[in-house]
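Model, not experiment: these values are computed from the prediction. In each ligand, atom 1 is the first atom listed, and ligand 1 is the first ligand listed.
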Amino acid sequence: MFTYKNWTAIKRSLALAAGLMVLFAVLDSTLAEERVPGARYDDQGQLIRADGWREWVFIGTPLTPNDLNDGKAAFPEFHNVYIDPVAYAHFAKTGQFPNGTMIAKELLSIGATQAVSGNGYFQGEFQGLEFAVKDTERFPKEPGGWTYYDFGHRLPYETAAKAHPTEACAACHEAAAAYDMVFTQYYPVLKAARPK
Ligand code: HEC
């Protein structure tokens, strides 16, 4: 029988369920904010190489072939560039690179120069890994808070690296990169993602 008493009990359980749902929604959003992986450092302040960069968001492949650079390109040769997915999502939403942003640039040799599709440049072997990391709180004196790392030029790469001096890397980025120290002019994926 439906009575006033069980109606009160039903109302109470509904209110409890609604309350729990609000609580879970709040918890979810807090955890999501805390999930930002971001850059991590070891005890000596070296950047710990984040794994999985080949599965991050792929933003472009600049190519500086040796044969267009007197046989010695400064950064041989293909550069596969990836941004960590949390930073990408933030960039696509706000147009800003958040603190903790990691951009990986993996260098590859040119392998074949002919394929069934025609003559060209086709990727050969991995031959280097570099990271750019933004953190204005940790590196307030570096231009835009960006620091630059090199994990070596043969496999397996180093697992940690110390920041290069500002003149070695950041200075050129500051002088020539289109947006916040990043060469977005060469990354159509980022140009398209940036909110208008
Ligand atoms: C002479 C200028 C110059 C210097 C010096 C330089 N870079 Fe760059 N860097 C570039 C250019 C241009 C690009 C984009 C096009 C390309 O990859 O060739 C780039 C791209 C990058 C990227 C991809 C993210 C981005 O900002 O576009 C990383 C990571 C990077 N460089 C790391 C380094 C590191 C590490 C050093 C120091 C060892 C360094 N760079 C020194 C010119 C420079």
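- Close approach to Ala168 involves these atoms of ligand 1, each under 4.0 Å from a residue heavy atom: 5 (C), 37 (C), 41 (C).
- Residue contacts with ligand 1, taken as heavy atom pairs separated by less than 4.0 Å, involve Met181 solely via the backbone atoms N, CA, C and O.
- Close contacts of ligand 1 with His79, meaning ligand atoms under 4.0 Å from a residue heavy atom, involve 16 (C), 17 (O), 18 (O).
- Ala170 and Met181 make their closest contact through O-CE, 3.5 Å (heavy atoms, listed as atom of the first residue, atom of the second, distance).
- Note: Ile110 CD1 to Leu63 CG = 5.0 Å, rounded to the nearest 0.5 Å.
- Under a cutoff of 6.0 Å and an axis angle of 45°, Arg154 and Phe126 do not form a cation-pi pair.
- For ligand 1, none of its N or O atoms has an N or O atom of Glu130 under 3.5 Å away.
- Using a 4.0 Å cut-off between heavy atoms, Pro62 contacts ligand 1 through its side chain alone, with no backbone atom that close.
- The atoms of ligand 1 that sit less than 4.0 Å from any heavy atom of Ala132 are 29 (C).
- By the 3.5 Å distance cut-off applied to N or O atoms, Val81 is not counted among the residues near ligand 1.
- Summary of contacts: the protein heavy atom closest to atom 25 (C) of ligand 1 is Tyr187 OH, 3.4 Å.
- Atoms of ligand 1 found under 4.0 Å from any heavy atom of Tyr148 (numbered from 1 in listed order, with element): 32 (C), 33 (C), 34 (C), 35 (C).
- Taking only nitrogen or oxygen atoms, main chain and side chain alike, Thr64 does not reach within less than 3.5 Å of ligand 1.
- Between Glu158 and Arg49, no side-chain nitrogen of the basic residue sits less than 4.0 Å from a carboxylate oxygen of the acidic one, so the salt-bridge criterion is not met.
- If you number the atoms of ligand 1 from 1 as listed, the ones under 4.0 Å from a heavy atom of His164 come out as 38 (C).
- From Ile48, atom CD1 reaches atom CG of Asp42 across 5.5 Å, with rounding to the nearest 0.5 Å.
- Of the heavy atoms in Phe131, only backbone atoms (N, CA, C, O) come closer than 4.0 Å to ligand 1.
- On a distance-only criterion, Asp150 and ligand 1 share no N/O pair closer than 3.5 Å.
- Each of the following atoms of ligand 1 lies closer than 4.0 Å to a heavy atom of Val182: 25 (C), 26 (O), 27 (O).
- Residues His164 and Tyr149 place their aromatic rings such that the two centres sit no closer than 6.0 Å.
- In terms of heavy-atom proximity, Gln96 sits nearest to His90 at O-ND1, 3.2 Å.
- Among all heavy-atom pairs drawn from Trp56 and Asp51, the shortest one is NE1-O, 4.0 Å.
- Under the 6.0 Å distance and 45° angle rule, Arg194 does not count as a cation-pi partner of Tyr187.
- Closest to atom 40 (N) of ligand 1 among all protein heavy atoms lies His173 NE2, 3.1 Å.
- Closest to atom 10 (C) of ligand 1 among all protein heavy atoms lies Phe183 CE1, 3.3 Å.
- Of all the heavy atoms of Tyr149, the ones lying under 4.0 Å from any atom of ligand 1 belong exclusively to the backbone.
- Ranking the protein heavy atoms by distance from atom 2 (C) of ligand 1 puts Cys172 SG, 1.8 Å first.
- Counting heavy atoms closer than 4.0 Å to ligand 1, residue Tyr186 contributes side-chain atoms (C-beta onward) but none from N, CA, C or O.
- Of the protein's heavy atoms, Phe75 CZ, 3.5 Å lies nearest to atom 6 (C) of ligand 1.
- The nearest protein atom to atom 22 (C) of ligand 1, hydrogens excluded, is given as Lys105 CD, 3.7 Å; this is a heavy-atom distance.
- A cation-pi geometry, defined here as NZ or CZ lying under 6.0 Å from the six-membered ring centre and within 45° of its normal, holds between Lys105 and Phe75.
- Protein heavy atom in closest approach to atom 39 (C) of ligand 1: Cys169 CB, 3.5 Å.
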Practice task
List the steps and the verdict of side chain to side chain donor-acceptor pair (under 3.5 Å) for Thr64 and His79.
Solution key: CA-CA 8 Å; Thr64 50; His79 318 159; 3.1 Å; yes

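- Other residues, nucleotides and ligands contribute at most 12 non-hydrogen atoms within 6.0 Å of the NZ atom of Lys141.
- Tyr148 and Phe131 have their aromatic ring centers separated by at least 6.0 angstrom.
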